[in-house]
Amino acid sequence: MARHLITSALPYINGIKHLGNMVGSMLPADVYSRYLRQRGHDVLYICATDEHGTPAELAAKEQGIPVAEFCAQAHDAQKAVYDGFALAFDYFGRSSSEQNVEITQHFARRLNENGFIEERAIRQVYSPTDGRFLPDRYVEGTCPHCGYDKARGDQCENCTRVLDPTDLINPRSAISGSTDLEVRETKHLFLLQSKLQHEVEEWVSRHEDDWPQLASSIARKWLNEGLHDRAITRDLDWGVPVPADTWPELAAEGKVFYVWFDAPIEYIGATKEWADLDPENRDWKSWWYDVDTTVRYTEFMAKDNVPFHTVMFPATELGVRELWKKVDYVKAFNWLTYYGGKFSTSQKRGVFTDQALDILPADYWRYFLIANAPESDDSSFTWEHFTATVNKDLADTLGNFVNRVLSFSKKRFGEEVPAGGAPGAAEAKLGEEIARLLAEYEQQMEALQFRKAAAALRALWSAGNSYLEEKAPWLEIKTDKDGAALTLRTAMNLIHLYAVVSEPFIPATSAAMRQAFALPSDTATWISADEARSLTALTPGIPFTVPPVLFAKLTDEDLENYKERFGGSPE
């Protein structure tokens with residue numbers, strides 16, 4: 001089977017992420033990774049906290065602790081939330097690791113040797129009040145393109161345009177708030193992207209037809225506007241240091257690499273972190289170096305991260321003139337909004353992932369977010385939509401089916417799968433429908449069309465309810481006890497099938513459904529088309545138990561409580 005390398009955008013270290021961050025990268029990557037593993041593929045899912053740059057320094061300053069200590073604490077806090085969401089990373093690393101420092105410095109040296117890095121004197125914002133040069137994110141102001149008044153000096157959060165601090169209108173220091181700013185000369189390293197434009201264009205042209213239109217259009221927009229040389233160092237106390245053996249003057253000044261230079265390299269660094277835990281059995285280079293024909297690499301990210309992963313990082317990899325693996329498929333997402341307004345970590349607007357887990361178990365959120373993933377356009381989170389989806393799809397369609405089948409069978413036939421008669425026309429019809437829907441589900445998962453995959457999964461669940469309504473075993477048992485037993489046995493086999501194929505979306509619920517049946521050996525990782533048609537995995541006599549309610553139905557009171565706590569619309 002194929003080898004699949006999966007990465008999702010690195011979450012910034014400064015604070016717990018919101019639901020928009022979750023659905024825009026990590027959760028769909030997890031769903032896809034789980035699916036591929038079930039289908040027998042060799043999968044490595046890598047992620048990490050992005051720990052460098054101004055967000056880390058500013059957050060540590062606000063808490064009054066050293067930045068290294070802040071990052072260590074924040075990494076553990078984020079990892080605990082991701083564990084709560086059942087994100088099955090093979091490794092969740094840290095961009096401040098020794099491995100990332102080593103590989104980032106190697107990339108910089110190689111780019112320099114190949115003539116793609118240049119030292120330049122530039123004019124940069126200096127704050128006399130703070131007594132320091134202000135890196136891009138330390139400068140805030142009004143975006144000259146859209147008028148957003150909280151734009152940062154590297155990128156406008158509102159319109160996603162890449163900026164320089166000197167572009168901002170009415171700039172101010174993010175440290176002190178001072179508007180007493182000057183522009184002074186300092187030296188920095190520049191990545192000469194302009195010299196790599198043609199190579200990046202050729203590389204993108206080989207892939208863009210396969211990518212989602214969102215990813216390819218953003219990459220093409222940057223290329224059409226022309227690649228500009230970008231400063232890749234900053235005046236910060238925290239980051240990957242510029243190596244003194246190559247740039248002694250800049251190293252003496254304490255320059256570090258720009259976070260957007262070292263963060264993508266951390267995908268490689270985190271893989272080495274993973275391998276270094278068990279070097280006798282893990283080879284990180286077998287995933288990253290000279291592997292174009294043996295590894296398929298898929299990245300997951302929201303649209304604001306797309307330019308860096310489709311243009312800037314590929315330019316870096318091309319420029320080192322080594323055989324590093326480049327992405328094959330970029331799964332880009334639009335934004336999940338909160339009642340039409342943006343989720344915002346900095347402005348604490350919307351539902352954050354730790355809060356979500358305090359309210360309901362992870363599977364409620366996993367299913368809702370993937371079923372409403374912002375793939376073709378931005379999608380809006382509302383409590384009304386969330387409540388309706390949970391009640392209709394999870395509580396009524398899946399949860400109620402499982403509960404009423406097992407409860408009724410236990411009441412009328414005891415705690416073992418009943419035998420009943422031979423399958424008839426209704427079972428044959430159901431088997432064909434289940435095989436067809438399963439094929440549709442597989443097709444959409446292979447295509448990374450998550451909303452369509454969720455719709456196919458929901459249709460699989462609905463097919464069971466339709467069968468149950470058609471056969472009506474609560475009436476059938478009055479005249480044909482064997483027929484009712486057959487109906488219930490068939491429905492139990494559907495529950496087992498649901499347990500297997502629903503695992504990428506709702507892993508905890510899938511485990512509970514599997515554990516309801518005391519199979520002597522349940523090694524099924526997937527259900528074949530023939531198995532779906534026959535629905536005979538559970539033979540008569542297998543003991544079962546009725547699990548607790550899988551999904552609690554949300555009430556009008558719950559809805560009002562959620563809206564009161566979080567607001568019905570952004571302020």
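Only a predicted model underlies this, so the values are computations on that prediction, with no experimental measurement involved.
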Kindly assign one of parallel, tilted or perpendicular to the pair Trp526 and Tyr35, based on the angle between their ring planes and the thresholds 30° and 60°.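 Ring orientation of Trp526 relative to Tyr35: perpendicular.
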Do the rings of Trp324 and Phe107 sit parallel, tilted or perpendicular, given the 30° and 60° boundaries?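 Tilted: the ring planes of Trp324 and Phe107 meet at 30° to 60°.
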Would a distance-only check, ignoring hydrogens and angles, find a side-chain to backbone donor-acceptor pair under 3.5 Å from [X] to [Y]?
X      : Y      : result
Ser216 : Gln213 : yes
Thr160 : Cys156 : no
Gln78  : Gly15  : yes
Ser95  : Glu51  : yes
Asp378 : Trp335 : yes
Ser409 : Val405 : no
Glu375 : Arg451 : yes
Asp290 : Leu323 : no
Trp274 : Leu44  : no
Tyr32  : Thr298 : no

Quick one: do [X] and [Y] make a salt bridge, cutoff under 4.0 Å?
X      : Y      : value
Lys79  : Asp76  : no
Glu317 : Lys325 : no
Arg296 : Glu446 : no
Lys553 : Asp396 : yes
Arg94  : Asp50  : no
Lys285 : Asp283 : no
Glu503 : Arg34  : yes

Exceeds 12 heavy-atom contacts within 6.0 angstrom, atom [atom1] of [X]:
X      : atom1 : value
Lys452 : NZ    : no
Asp278 : CG    : yes
Glu384 : CD    : yes
Lys326 : NZ    : yes

Can you name the residues that form a side chain to side chain contact (heavy atoms under 4.5 Å, CB included) with Glu557, not counting sequence neighbours?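 If we apply the side chain to side chain contact (heavy atoms under 4.5 Å, CB included) test to Glu557, skipping adjacent residues, the hits are Thr555, Asn561.
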Could I get the full list of side chain to side chain contact (heavy atoms under 4.5 Å, CB included) partners for Asp393, not counting sequence neighbours?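 Scan of Asp393 (side chain to side chain contact (heavy atoms under 4.5 Å, CB included), adjacent residues dropped) gives Tyr367, Thr389, Arg458.
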Side chains of [X] and [Y]: is there a donor and an acceptor less than 3.5 Å apart?
X      : Y      : value
Ser380 : Thr382 : no
Glu469 : Ser466 : no
Tyr467 : Glu427 : yes
Tyr562 : Thr387 : no
Asp304 : Gln155 : no

[atom1] of [X] to [atom2] of [Y]: how many Å apart, nearest 0.5 Å?
X      : Y      : atom1 : atom2 : value
Ser502 : Leu457 : OG    : CG    : 4.0 Å
Met513 : Ile495 : CE    : CD1   : 8.0 Å
Leu535 : Thr490 : CG    : OG1   : 6.5 Å
Ser510 : Asp363 : OG    : CG    : 7.0 Å
Thr353 : Leu27  : OG1   : CG    : 11.0 Å
Leu406 : Leu488 : CG    : CG    : 9.0 Å

Between [X] and [Y], which heavy-atom pair has the shortest distance, and what is it?
X      : Y      : answer
Gly269 : Gln99  : O-CB, 3.7 Å
Ala2   : His41  : N-ND1, 3.3 Å
Tyr91  : Ala270 : CD2-O, 3.4 Å
Ala56  : Ile13  : CB-CG2, 3.7 Å
Arg366 : Pro504 : NH2-O, 2.7 Å
Ala29  : Phe300 : CB-CD1, 3.5 Å

My understanding is that only residues two or more places apart in sequence, or in another chain, count here; which of them pass side chain to side chain donor-acceptor pair (under 3.5 Å) with Asn305?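 Here no residue qualifies.
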Please confirm whether [X] and [Y] have ring centers closer than 6.0 angstrom.
X      : Y      : answer
His309 : Tyr267 : yes
Phe381 : Trp383 : yes
Phe308 : Phe313 : no
Phe386 : Trp365 : yes
Tyr297 : Tyr329 : no
Phe401 : Trp461 : no
Tyr338 : His18  : no
His52  : Trp260 : no

[X] versus [Y]: any side-chain heavy-atom pair under 4.5 Å?
X      : Y      : answer
Tyr498 : Leu460 : yes
His4   : Asp42  : no
Ser8   : Glu299 : no
Thr104 : Phe261 : yes
Pro11  : Cys47  : yes
Ile46  : Ile6   : no
Arg3   : Trp287 : yes
Leu468 : Arg404 : yes

With a cut-off of under 6.0 Å to the ring centre and 45° to the axis, is Lys563 in cation-pi contact with Phe566?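 No, cation not above the ring by the 6.0 Å, 45° rule.
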Could you walk me through whether Asp328 and Arg206 pass salt bridge (charged side-chain N to carboxylate O under 4.0 Å, His left out), step by step? CA-CA 10 Å; Asp328 294 299; Arg206 294 197 300 270; over 6 Å; no
